[in-house]
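For reference, the structure is listed below as structure tokens.
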Amino acid sequence: MGGQNLSPIDLPMVITIDGPAGTGKSSVARHVADRLRFDFLDTGAMYRAIALAAVRRQSDLDDPRELEFVARHARIEFDWSAHPPAVLLNDEPVGHLLRSAEVTAAASQIAVVAAIRRQLVDQQRKIGQNRCRLVTEGRDQGSVVFPDAQLKIYLDADPAERGRRRVAQLRARGEVVDPAEILRQIVERDQRDSGRSTGPLAVASDAKVIDTTHLTQQQVIDSIVQMAREQLRGVT
Ligand code: DC
């Protein structure tokens, strides 16, 4: 078979990292990609960029048809030469605009619209075809987008711990926050992400679940990198 002649550095490999908000997924995924020299895809940024377009147009976030229209006219691309890759919305770099409370709330409404999910899932699969060594992070990457991924990780943590991490993150940015409100938002977002009918937050049957509640970020990164290296060794 042709594959037997490939060296480990030639073999395509997709690593999916899914899980709820506040598990440290984004930074873990970014560091894992750096350590392995893989490309890094932040799929949440794609939902957030469409949310930004909707917020700018003052769209009715409860109107799926309007949101579909916004999404069809929002060309989301990545500048892969930046580190991490920069998100472009119709050629405009928008990475710095995607983390506001308004865009975060809107993204979770964008993410329930089935037609938008189909559009982004198609695009994510195309990216996977072009970037043959990819760490991709989101909610449905292992369960829906890349069912054949070589390594699937699902990160989890107690909601209370996720709330504490989020509060620390916001306070570090100088924001004044109410911890009880943050926890309420996390639980609400979990329910919306898990309850939607298309691409819900779900653990793929072949995913390795890591409960990060009592782990440092470094421990999580090390264990995923080790699993990936074992996987790469296993195929030679
Ligand atoms: O990971 P994040 O917080 O940047 O994601 C933003 C929103 O998009 C969040 O509500 C979950 C949703 N999302 C999704 O539904 N599917 C993905 N693959 C990535 C994010």
Side-chain angles (χ1 to χ4, degrees), residues 14-33 40-55 61-62 64 67-68 70-71 74 76 78 84-87 89 94-128 134-147 149 152-157 159 162-163 165-167 169-170 173 182 184-204 207 212:
V14 173
I15 301 174
T16 59
I17 303 186
D18 291 301
T23 49
K25 251 182 321 137
S26 298
S27 350
V28 165
R30 205 156 14 86
H31 283 99
V32 168
F40 164 61
L41 176 61
D42 171 2
T43 62
M46 300 170 83
Y47 289 90
R48 286 174 182 268
I50 294 178
L52 174 66
V55 165
L61 298 173
D62 291 317
L67 297 180
E68 268 182 63
V70 172
I76 316 286
F78 288 91
V87 198
L89 168 63
V94 290
H96 59 296
L97 301 173
L98 301 183
R99 302 270 145 201
S100 70
E102 192 180 20
V103 170
T104 300
S108 131
Q109 285 183 266
I110 292 289
V112 299
V113 181
I116 300 182
R117 297 202 72 84
R118 278 196 298 276
Q119 175 183 327
L120 292 185
V121 166
D122 281 353
Q123 196 181 343
Q124 290 155 15
R125 287 188 178 138
K126 284 193 187 113
I127 291 172
L134 188 68
V135 176
T136 176
E137 175 250 310
R139 303 292 189 286
D140 56 351
Q141 299 300 288
S143 54
V144 173
V145 184
F146 296 105
K152 298 182 184 178
I153 305 292
Y154 186 93
L155 296 185
D156 212 347
R162 291 192 277 132
R165 291 176 190 171
R166 183 80 187 130
V167 167
Q169 212 176 41
L170 294 170
R173 276 196 234 151
I182 296 289
R184 194 194 61 72
Q185 287 171 3
I186 283 184
V187 171
E188 186 184 278
R189 206 136 75 96
D190 281 358
Q191 281 166 353
R192 193 155 31 193
D193 287 345
S194 318
R196 64 173 173 246
S197 52
T198 317
L201 172 64
V203 189
T212 71

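Not measured: the values here are computed from a predicted model. When a ligand or atom number is given, it counts from 1 through the structure's own listing order. Along the sequence shown, residues are numbered consecutively beginning with 1.
- Nearest protein heavy-atom contact of atom 9 (C) of ligand 1 is Arg189 NH1, 3.4 Å.
- Summary of contacts: the protein heavy atom closest to atom 1 (O) of ligand 1 is Arg139 NH1, 2.9 Å.
- Contacts with ligand 1 closer than 4.0 Å are made by side-chain heavy atoms of Arg48 only, the backbone lying farther away.
- Note on ligand 1: Gln141 sits in its first shell, one or more heavy atoms being nearer than 4.0 Å.
- When all heavy atoms are compared, the tightest approach of Leu61 to Ala54 is CD2-CB, 4.1 Å.
- Contacts of Asp190 classified as salt bridge (Lys or Arg N to Asp or Glu O under 4.0 Å), with partners at least two apart in sequence or in another chain: Arg162.
- With a 4.5 Å cut-off on side-chain heavy atoms, Val87 and Arg48 do not count as touching.
- For atom 20 (C) of ligand 1, the closest heavy atom belonging to the protein is Gly44 CA, 3.6 Å.
- When only non-hydrogen protein atoms are considered, atom 8 (O) of ligand 1 lies nearest to Tyr47 CB, 3.6 Å.
- Using a 4.0 Å cutoff on heavy atoms, Met46 does not count as a contact of ligand 1.
- Judged purely by distance below 3.5 Å, without hydrogens or angles, the side chains of Gln141 and Thr136 pair a donor atom with an acceptor atom.
- Every salt bridge (Lys or Arg N to Asp or Glu O under 4.0 Å) that Arg117 has, sequence neighbours left out, goes to Asp140.
- Using a 4.5 Å cut-off on side-chain heavy atoms (C-beta onward), Glu137 and Val32 make no contact.
- Scanning all protein heavy atoms for the shortest distance to atom 7 (C) of ligand 1 gives Ala107 CB, 3.9 Å.
- Against a heavy-atom cut-off of under 4.0 Å, Arg117 is close to the following atoms of ligand 1: 14 (C), 15 (O), 16 (N).
- Numbered from 1 in the order shown, with element, the atoms of ligand 1 that lie under 4.0 Å from a heavy atom of Ser108 read 10 (O).
- Atom numbering of ligand 1 starts at 1 in the shown order; those under 4.0 Å from a heavy atom of Ala111 are 12 (C), 15 (O).
- Of the polar atoms of Asp140, at least one N or O is found under 3.5 Å from an N or O of ligand 1, judged by distance alone.
- In terms of modelled atom types and a separation under 3.5 Å, the side chain of Gln123 and the main chain of Ile76 share a donor-acceptor contact.
- Counting heavy atoms from C-beta on, the side chains of Val145 and Thr16 never come closer than 4.5 Å.
- For the pair Pro20/Asp156, a side-chain contact is recorded, criterion being any heavy-atom separation below 4.5 Å from C-beta on.
- At the shortest separation from atom 19 (C) of ligand 1 among protein heavy atoms lies Thr43 OG1, 3.4 Å.
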